[in-house]
**Student:** 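Have a look at this one before I ask anything.
Each chain gets a letter, A, B and so on, in the order the sequences are listed, and its residues count up from 1. Computation of the quantities below employed the complete heavy-atom set of this structure, encompassing side-chain atoms and omitting hydrogens, waters and symmetry-equivalent molecules.
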There are 2 protein chains.
Amino acid sequence: MSTRVESAAELWLTWKRAFEAVRAPIVADVTAGSDLSEPELSVLVTLFEAGGAARQNVLAAELGWDRTRLSHLLTRMEAREYVTRGKVTGGVEVALLTRGRDALDTSIPTLEDSARRHLLDALDPEDVRALRRIVRRLLTS
Amino acid sequence: MSTRVESAAELWLTWKRAFEAVRAPIVADVTAGSDLSEPELSVLVTLFEAGGAARQNVLAAELGWDRTRLSHLLTRMEAREYVTRGKVTGGVEVALLTRGRDALDTSIPTLEDSARRHLLDALDPEDVRALRRIVRRLLTS
DNA sequence: AAGCGAATGTTGACATGTCAACACGGGTCG
DNA sequence: CGACCCGTGTTGACATGTCAACATTCGCTT
């Protein structure tokens with residue numbers, strides 16, 4: 001009759017809650033300043049970290065997204081001249097355009113500031129170390 | 001010209017990546033078994049934790065969602081007879097229906113199992129303790 | 001070379017989320 | 001009382017994400 005929410009599920013659910021609680025204000029901050037949505041920023045950042053260009057499937061894997069989602073989003077971003085797509089043996093390569101770099105330059109400081117206020121400052125150094133360790137572990141498992 | 005991604009932003013971005021990496025398989029597991037979407041499950045769980053019924057605005061706050069989103073979702077869930085809405089002084093109260101409880105009973109064990117495999121088992125006890133502490137801290141800040 | 005299969009992307013229909021505008025119902029204060 | 005104000009919830013238009021079906025291309029096998 002009445003299911004209980006047990007340990008692993010409970011850990012997941014509270015983690016999710018905390019994550020969303022942090023995400024919401026950060027997204028609000030970031031989207032307030034620029035005309036980038038949060039997913040768009042993720043794409044640009046990932047692209048930037050990859051050196052300015054990346055294969056579309058790599059991008060999708062990096063972001064943990066579905067091909068379809070990325071495809072649709074890139075179509076829109078291409079129309080706004082943030083990125084271009086070029087055919088390459090075995091697929092498609094996406095590259096940052098100037099407008100994309102400019103948008104990044106505008107958004108990153110805002111993101112840095114917001115993330116510091118809503119995440120870093122809420123934790124003490126030990127927590128931060130632990131969080132980094134947890135993240136690393138989860139990403140390599 | 002070329003922005004760097006600094007410490008707080010970098011922490012946030014990697015955290016997000018790890019979170020998504022954990023979320024994806026859990027969502028896949030949970031939605032595979034039942035006919036509940038992940039947001040729907042969140043609503044049911046929150047409702048259940050609240051004792052089976054809750055004011056709509058409380059629910060929204062608990063979930064960290066927009067009123068609008070919850071309203072739309074509840075409309076769909078009401079149509080599927082998972083929950084009901086009743087007018088109450090000062091707003092609307094949402095209550096679990098039998099179908100909702102049944103769906104929970106089906107989904108929670110799946111969630112528990114999936115969360116254990118994809119989250120708990122990937123961490124050692126120390127990480128888990130740290131994560132719980134971090135979550136608590138973030139939710140009360 | 002020809003055929004096949006797997007990986008990659010795209011497309012269109014549909015589900016879901018977001019935003020701005022509106023509607024309603026209590027408080028509160030003149 | 002009556003005129004506001006504010007918190008709550010709904011609605012409809014639009015943006016975004018998801019899913020299944022389809023193209024294309026590359027590698028592998030024969």
**Student:** Between R117(A) and E112(A), is there a salt bridge with N-O shorter than 4.0 Å?
**Tutor:**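 So E112(A) does not pair with R117(A) through a salt bridge.
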
**Student:** With sequence neighbours excluded, give me every ring-ring contact (aromatic ring centres under 6.0 Å, His included) pair touching residues 19-47 of chain B.
**Tutor:**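 Checked against ring-ring contact (aromatic ring centres under 6.0 Å, His included) - neighbours excluded - the pairs reaching residues 19-47 of chain B are W12(A)-F19(B), W15(A)-F19(B), F19(A)-F19(B).
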
**Student:** On DNA chain D, check which nucleotide each of L73(A) and R67(A) is closest to and give me the residue with the more 5' one.
**Tutor:**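 Upstream on the strand: L73(A).
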
**Student:** Quick one: do R17(B) and E20(B) make a salt bridge, cutoff under 4.0 Å?
**Tutor:**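 So R17(B) does not pair with E20(B) through a salt bridge.
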
**Student:** Between dT10(D) atom C1' and D66(B) atom CG, what is the distance in whole Å?
**Tutor:**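 To the nearest whole Å, that distance equals 12 Å.
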
**Student:** Walking along DNA chain C from 5' to 3', note the first and the last nucleotide with an atom under 4.0 Å from a heavy atom of chain B, and give both.
**Tutor:**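 Counting from the 5' end, contacts occupy dT16(C) to dA20(C).
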
**Student:** Starting at CZ of R85(B) and ending at P of dG9(D), how long is that distance when rounded to a whole Å?
**Tutor:**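 So the CZ-P distance, R85(B) to dG9(D), works out to 10 Å.
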
**Student:** For E93(A) and T31(A), find the nucleotide of DNA chain C closest to each by heavy atoms; which residue's nucleotide sits nearer the 5' end?
**Tutor:**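 Checking each residue's closest nucleotide, the 5'-ward one belongs to E93(A).
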
**Student:** Please work out if N57(B) contacts a base, only the sugar-phosphate, or nothing of the nucleic acid, heavy-atom cut-off 4.0 Å.
**Tutor:**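 Result for N57(B) = sugar-phosphate.
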
**Student:** Given 3.5 Å as the limit, does a donor-acceptor pair link the side chain of T14(B) with the main chain of E10(B), or not?
**Tutor:**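 Here the side-chain-to-backbone pair exists.
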
**Student:** For L70(B) and dG7(D), give me the distance from atom CG to atom P, rounded to whole Å.
**Tutor:**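 These atoms are roughly 19 Å apart.
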
**Student:** Which is more 5' along DNA chain C, the nucleotide nearest G90(A) or the one nearest T75(A)? Just name the residue.
**Tutor:**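 Looking at the nearest nucleotide for each, G90(A) comes out on the 5' side.
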
**Student:** Just the rounded figure in Å: distance from C1' of dT10(D) to NZ of K87(B).
**Tutor:**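 Rounding to the nearest Å, NZ of K87(B) and C1' of dT10(D) are 11 Å apart.
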
**Student:** With sequence neighbours left out, write down each residue that passes side-chain contact (heavy atoms from CB on, under 4.5 Å) with A103(B), or none if nothing qualifies.
**Tutor:**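 In terms of side-chain contact (heavy atoms from CB on, under 4.5 Å), with neighbours along the sequence ignored, A103(B) is linked to L36(B), L44(B), Y82(B).
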
**Student:** Please determine whether a side-chain nitrogen of the Lys or Arg among E78(B) and R85(B) lies less than 4.0 Å from a carboxylate oxygen of the Asp or Glu.
**Tutor:**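 Looking at R85(B) together with E78(B), the answer is yes, because their closest N to O distance falls below 4.0 Å.
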
